[in-house]
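Hydrogens, waters and symmetry mates are skipped; everything else that's a heavy atom, side chains included, is used.
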Amino acid sequence: MFDALLIEKSPDGQQSVHVRQVDETSLPDGDVTVRVEWSTLNYKDALAITGRGPIIRQFPMAPGVDFAGVVEKSSNSAFAPGDRVLLNGWGVGEKHWGGLAQKARVPGEWLTPLPSAFSTRSAMALGTAGYTAMLCILALQQQGVTRESGPVLVTGASGGVGSVAVMLLARLGYHVVAVTGREAERDHLTQLGASEILPREDFSKPGKPLEKARWAGAVDVAGGQVLANVCASMKPGGVVTACGLAAGMDFPATVAPFILRGVTLVGIDSVMCDHGRRVKAWDALAELVDMDKLDSQTKEITLQDAVEAAAALLDGKLHGRAVVKLD
C-alpha cells in the first residue's frame, strides 16, 4: 500500500480530491515501477486538482506531470532496480497516473536517467517548468539568437517557466527583460538576473500589427494577446518561443511580423518531446543551474498540502517553485 493524491468524480459529476491509501495492483500498465521521492506542483496540476480546467481524461486519477525517484522493478532492459530516474509529461497526471503518489508505473521509454548533478529533489525544483524553459532557450540558440543579437524578453516571468528562463538566460549572459503582473516580484526577478522589468499591462491590450522593434528573442508562456504583441515588437529576424497559454489559447495577430520582419515563431512541446532532446535539455540544465538560486525560490510541501497549494498557485499567491515530498 502507498499514499496517493486521488482525484475522483461522483456519478453526479462532482469532483473530489483526497489523499488515499492505494494498493500497488491499482497502478496502470507499464514495464517500470518507480518509488517516487519527489514531485512538484505545476500549473496544469493545479488546474486538475482544483477542477478549474478540463485536464483529467479519466477518473480516478493521480495528478502530477512530473516525478523523480528510484526504480523498484523493471522488465525494461534500459533500467534496473536502484536507477535514479525522472519523468516529465507523456500524459501522466492526465490519462496515466502521475507523480503525486508514492509509486508510479510507466513505460520505460517515458523515463529519463537523472543527471548526476541533481538530487531527485533538485530535479523536481526544476521539473517540467525548468525543462520547458531549457527547451525554449535551446530553440533560441538553434535559431541563432546570441547575446550579441539583443535583449531577450520573458513573459510570465514570475511563474515557474518564466523565472527559470530568466535565471538561465542571465547565466548565459543575455540581457533579460522580464514581464510580470506582480509588482512585488521585482526584487526577486532582479536577483534572478533580469536587467529590466516591464508590467504585463504593456502587452495585454490590443496593439498595432507592428510595434517598435525591440527584442531579438522571446520566451512566451502567455499566448493570447500577449503573444501577438510580443511578435509585433520583435526585431527583424527575431525568434519567439511559445510554450504556454496562461493568457489564452487564441492568437489575435497578423502576418506582418513574419513577412515584413522575418520573425520566427517556434512552438515548444514539452509533453511529447523526443528522448534525445529531453536528455540534451537536462544535461544543459545540469551545467547551467545555480543551485543556490534554485533553492532560494523552492518551497517544500507535503502531499496533504497539495490541494491548498494548487489553489494558491492559480490565484497568484504561491511564490517560486513548490516541491512535494513523497518518500
Using salt bridge (Lys or Arg N to Asp or Glu O under 4.0 Å), reason through E37 and R84 one step at a time and then give a plain yes or no. CA-CA 10 Å; E37 295 182 344; R84 299 194 313 158; over 6 Å; no
- Can you check whether V32 reaches P107 side chain to side chain, under 4.5 Å on heavy atoms? no
Distance col, row Q191:CD vs E185:CD, nearest 0.5 angstrom, shows 10.0 Å
task: Given side chain to side chain contact (heavy atoms under 4.5 Å, CB included), test F251 with L245 step by step and report yes or no.
output: CA-CA 10 Å; F251 184 42; L245 44 72; over 6 Å; no
Examine V289 and L169 and state if one hydrophobic cluster contains both, with Ile, Leu, Val, Met, Phe, Trp and Tyr joined whenever side-chain heavy atoms are less than 4.5 Å apart.
yes
Has S26 got a side-chain atom pairing as donor or acceptor with V22's backbone, closer than 3.5 angstrom? no
Would you say T302 and D305 are linked by a side-chain donor-acceptor pair, where the criterion is simply a distance under 3.5 Å?
yes
Value for OG1 (T25) from CG (D23), rounded to nearest 0.5 Å, stands at 3.5 Å
Correct closest heavy-atom pair for A247 and V226 would be CB-CG2, 4.1 Å
Correct closest heavy-atom pair for C231 and P257 would be O-CB, 3.3 Å
**OP:** Indicate, with yes or no, if V145 and V263 share a hydrophobic cluster defined by side-chain heavy-atom contacts under 4.5 Å among Ile, Leu, Val, Met, Phe, Trp and Tyr.
**Re:** no
**Study point:** Under 3.5 Å donor-acceptor, D274 side chain and R277 backbone
**Key:** yes
| message | Would you say that V85 contacts T112 through its side chain, given a criterion of any heavy-atom pair below 4.5 Å between the two side chains? | response | no
Verify same cluster id: L303, V65 (apolar side-chain graph, 4.5 Å)
no
R186 meets the salt bridge (charged side-chain N to carboxylate O under 4.0 Å, His left out) criterion, sequence neighbours left out, with E183
*Are side-chain N/O atoms of R321 and T298 paired as donor and acceptor at under 3.5 Å?*
no
Do E211 and S233 have a side chain donor and acceptor closer than 3.5 Å? no
Exercise. For M234, does its backbone N or O pair with a side-chain atom of R261 as donor and acceptor, under 3.5 Å?
Worked result: yes
Partner of T33 under side-chain hydrogen bond (donor to acceptor under 3.5 Å, both in side chains), picked from R105, E72, K103, is R105
- prompt: How about D220 and T155: does a side-chain donor come under 3.5 Å of a side-chain acceptor?
  reply: yes
Could you check whether atom CD of E308 has more than 12 heavy atoms from other residues, nucleotides or ligands sitting under 6.0 Å from it? no
| message | Under a plain distance cut-off of 3.5 Å, with no hydrogens placed, do N229 and Q225 share a side-chain donor-acceptor pair? | response | yes
Closest non-hydrogen contact found for A309 with L318 is O-CD2, 4.0 Å
Grouping I, L, V, M, F, W and Y whenever their side-chain heavy atoms are under 4.5 Å apart, do F258 and L227 come out in a common cluster? yes
- prompt: Parallel under 30°, tilted from 30 to 60°, perpendicular over 60°: which one fits the rings of W110 and H96?
  reply: perpendicular
So ring pair (Phe, Tyr, Trp, His ring centres under 6.0 Å) across residues 165-214, not counting sequence neighbours, yields H188-H319
Report task. Kindly determine whether V164 and M134 satisfy side chain to side chain contact (heavy atoms under 4.5 Å, CB included), including the steps that lead there. Result -> CA-CA 8 Å; V164 178; M134 193 71 247; over 6 Å; no
For K235 and S149, the nearest pair of non-hydrogen atoms, with its separation, is NZ-O, 3.8 Å
In this structure, CG of L314 is separated from CD1 of I49 (nearest 0.5 Å) by 9.0 Å
- Among the clusters formed by ILVMFWY side chains lying less than 4.5 Å apart, do L111 and L100 turn up in the same one? yes
Are R214 and P151 close enough that some pair of their side-chain heavy atoms sits under 4.5 Å apart? no
- So, R52 and D315, do they make that salt bridge, N to O below 4.0 Å? yes
To the nearest 0.5 Å, atom CD1 of I137 lies from atom CG of L285 at 8.0 Å
Margin query: Within the 4.5 Å heavy-atom criterion, are V219 and L153 side-chain neighbours or not?
Written below: no
Is it true that E300 and R121 make a salt bridge, defined as a side-chain N closer than 4.0 Å to a carboxylate O?
yes
All heavy atoms of A48 vs all of I56, minimum pair found to be CB-CD1, 3.7 Å
Give a yes or no on this: more than 12 heavy atoms of other residues, nucleotides or ligands lie within 6.0 Å of atom CD of E287. no
Any Lys/Arg nitrogen of K280 or D283 sitting under 4.0 Å from an Asp/Glu carboxylate oxygen of the other? no
OG1 of T120 to CG of L114, rounded to nearest 0.5 Å, is 7.0 Å
**Item:** Side chain proximity check, K44 to I55, heavy atoms < 4.5 angstrom
**Value:** yes
dist L126:CG -> M124:CE (nearest 0.5 Å) comes out at 8.0 Å
- Is W97 close to V92 at the side-chain level, that is, under 4.5 Å between some pair of heavy atoms? no
Would you indicate whether the side-chain heavy atoms of L326 and W38 approach each other to under 4.5 Å? no
Shortest non-hydrogen pair, A129 vs G160, comes out as CB-C, 3.6 Å
side-chain contact (heavy atoms from CB on, under 4.5 Å) test vs L189 passes for just one of I197, V179, V176, V154, namely I197
### Message
If we ignore hydrogens and angles and just use 3.5 Å, is the side chain of Q102 paired with the main-chain N or O of D3 as donor and acceptor?
### Response
yes
Check whether any side-chain heavy atom of R35 sits under 4.5 Å from a side-chain heavy atom of D327, and report yes or no.
yes
W215 vs V177, test: side chain to side chain contact (heavy atoms under 4.5 Å, CB included). Steps then yes/no.
CA-CA 9 Å; W215 326 115; V177 181; 3.7 Å; yes
Which of L87, L86, T40, V324 passes side-chain contact (heavy atoms from CB on, under 4.5 Å) with D66? It is T40
Could you tell me whether a side-chain N or O of S10 sits under 3.5 Å from a main-chain N or O of Q14, the two making a donor and an acceptor?
yes
For the residue pair S74 / N76, report whether a side-chain donor-acceptor contact shorter than 3.5 Å exists.
no
task = State whether a side-chain donor-acceptor pair under 3.5 Å links W282 with N88.
result = yes
| said: Are more than 12 heavy atoms, taken from residues, nucleotides or ligands other than Q142, located less than 6.0 Å from that residue's CD atom? | reply: no
Under a plain distance cut-off of 3.5 Å, with no hydrogens placed, do T128 and N42 share a side-chain donor-acceptor pair? no
message = For F118 and M291: C-alpha separation, side-chain torsions, deciding distance, then whether side chain to side chain contact (heavy atoms under 4.5 Å, CB included) applies.
response = CA-CA 9 Å; F118 293 117; M291 293 297 184; 3.3 Å; yes
